[in-house]
Colleague: 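Quick one: the structure is below, and I'll ask about it shortly.
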Amino acid sequence: MKKRVFAGIRATGRLHLGNYLGAVKGMLQLQDNPQYEALYMVADVHTITTPYNVQGLRINRREAIVDYLAAGLDPKKSILFLQAQVPEHAELAFYFGSVTTIARMQHLPTFKDKVKQYPHDVTMALLNYPLLMAADILLYKAGLVPVGIDQEPHLEVAREIARKMNQEYGMNFPEPVRFATKGSYIPSLNGEGKMSKTVEGSFINLTDSVDVIRKKVRSVPTATTSGGEMNPGVKTLFAFADLFIPNELNKYKKEYENGTLQFVTLKDAIADAIYKDLQPFQEKRNEIIKNQEYIDQVIKEGAEKARSIASQTVMEVKEKMGLS
Ligand code: TRP
């Protein structure tokens with residue numbers, strides 16, 4: 001039996017280099033490993049749990065599919081779909097509400113963070129975020145969830161719900177666990193923390209041109225002279241050198257140590273290497289967007305495949321809960 005893997009992808013905007021080398025590479029490995037059956041879902045319904053722009057969502061959910069296709073997700077190997085097209089997600093989340101207390105949801109750190117961020121928009125949808133995520137995973141009875149450590153509290157909720165549904169209604173939900181995939185840690189261009197969509201000036205978009213990438217890498221705050229202890233910006237630069245020009249790393253390190261390194265030379269070498277890495281993605285993306293019907297078809301077929309599994313689970317839940 002194949003192990004089922006489920007990942008939800010936020011529909012908030014374009015992929016950046018950090019997502020690509022961190023999360024997406026791991027997703028590709030899973031899809032190519034015959035031990036696993038992978039489902040990848042664009043979590044568009046989750047977007048409406050905090051204030052959002054309607055036209056933006058309409059565009060972003062489709063762009064997310066295009067980005068993942070260009071990155072190498074293959075609809076022949078994994079199920080790639082939009083959450084909103086499988087109404088069973090919202091339906092199961094509602095049923096899960098009957099085995100979940102309000103207090104449990106209010107105490108989640110993720111909920112508290114959002115309350116701070118949007119004090120005037122603390123909606124029922126926001127409170128229900130973890131239930132919708134539990135439904136995403138449990139609809140497919142997936143046991144493995146490749147997500148970041150920040151999602152652990154949500155997975156704990158999913159496990160609790162699985163246990164309750166199994167005990168109270170005799171369901172056979174697995175208790176899903178986080179699955180750490182091998183991705184690299186990509187530092188922020190500003191020298192602090194990791195590359196993040198929400199931090200301006202920290203990221204490189206996968207569709208950035210070579211000029212834009214050069215400009216961004218040049219903006220990494222380095223020192224004016226080389227040598228001595230490395231400041232965070234210089235460390236960041238060498239972390240990028242390690243990732244993208246590993247063969248030249250030592251050469252540049254020596255130059256740094258003996259004080260002859262020209263930062264702009266190193267920066268441009270890194271920028272050019274990043275661009276070279278992204279070129280296949282960009283070319284593939286340009287091909288894909290020429291064929292909008294193909295995208296439509298991927299979306300439609302993905303939803304059909306997902307629904308055929310999801311509807312079975314919902315039928316089973318309704319039957320056990322006395323709703324059919
Ligand atoms: N909450 C996840 C995040 O913020 C996205 C997500 C939604 C998800 N549904 C999921 C992740 C199901 C894993 C499984 O990244």
Side-chain angles (χ1 to χ4, degrees), residues 3-16 18-20 22-24 26-27 30-31 36-52 57 60-61 64-65 67-68 73 78-94 96 100 105 108-115 117-118 125-162 173-181 183 194-199 203 302-303 306 309-310 313:
K3 286 184 215 146
R4 205 170 265 166
V5 174
F6 186 96
I9 298 157
R10 266 177 276 187
T12 38
R14 307 298 307 281
L15 277 176
H16 62 66
N19 307 133
Y20 182 58
V24 184
M27 290 163 65
L30 288 171
Q31 116 174 322
Y36 301 110
E37 179 188 6
L39 288 111
Y40 296 122
M41 175 198 81
V42 176
D44 51 3
V45 182
H46 273 106
T47 306
I48 72 164
T49 62
T50 43
Y52 73 101
L57 176 58
N60 285 339
R61 64 206 280 269
I65 295 276
D67 274 351
Y68 281 84
L73 283 193
S78 35
I79 302 181
L80 181 61
F81 71 102
L82 295 172
Q83 188 180 26
Q85 295 199 336
V86 182
E88 284 81 0
H89 289 253
E91 183 177 0
L92 189 62
F94 191 85
F96 284 171
T100 312
M105 296 294 99
L108 283 167
T110 42
F111 177 72
K112 289 181 182 166
D113 286 348
K114 292 290 180 205
V115 170
Q117 202 180 342
Y118 303 104
L126 181 63
L127 192 64
N128 276 307
Y129 186 110
L131 297 187
L132 183 57
M133 181 162 157
D136 296 340
I137 301 163
L138 296 178
L139 268 177
Y140 306 96
K141 299 186 180 171
L144 299 171
V145 184
V147 280
I149 188 88
D150 62 308
Q151 295 298 307
E152 194 56 67
H154 288 152
L155 283 183
E156 186 55 42
V157 169
R159 287 191 286 271
E160 279 171 34
I161 290 176
F173 285 126
E175 291 185 29
V177 293
R178 197 170 77 86
F179 188 53
T181 52
K194 69 171 186 178
M195 192 175 275
S196 162
K197 228 171 342 206
T198 50
V199 181
F203 58 86
I309 305 171
T313 306

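Everything quoted here is computed from the prediction, not taken from an experiment. One-based numbering, in listed order, for ligands and for the atoms of each.
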Colleague: Measuring from each atom of ligand 1, which residues have a heavy atom under 4.0 Å away?
Modeller: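 Within 4.0 Å of ligand 1, the protein residues are F6, G8, R10, M41, A43, H46, Y129, M133, D136, I137, V145, V147, Q151.
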Colleague: Considering only heavy atoms from C-beta outward, does the side chain of E160 approach that of T100 to under 4.5 Å?
Modeller: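 Not in contact.
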Colleague: Are F81 and H89 close enough that their ring centers fall under 6.0 Å?
Modeller: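 Yes: the rings meet the under 6.0 Å criterion.
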Colleague: Do other residues, nucleotides or ligands put more than 12 heavy atoms under 6.0 Å from the OH atom of Y118?
Modeller: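 Result for OH/Y118: enclosed.
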Colleague: Looking at NE2 of H154 and OG1 of T110, how far apart are the two atoms once the value is rounded to the nearest 0.5 Å?
Modeller: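 The NE2 atom of H154 sits 3.0 Å away from the OG1 atom of T110.
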Colleague: Are Y36 and F6 close enough, and set up right, to give a ring pair (Phe, Tyr, Trp, His ring centres under 6.0 Å), and what steps lead you there?
Modeller: CA-CA 10 Å; Y36 301 110; F6 186 96; over 10 Å; no
Colleague: Residues two or more places apart in sequence or in another chain: which of them pass side-chain contact (heavy atoms from CB on, under 4.5 Å) with A310?
Modeller: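 A310: side-chain contact (heavy atoms from CB on, under 4.5 Å) contacts with V86, E88, L139, Y140.
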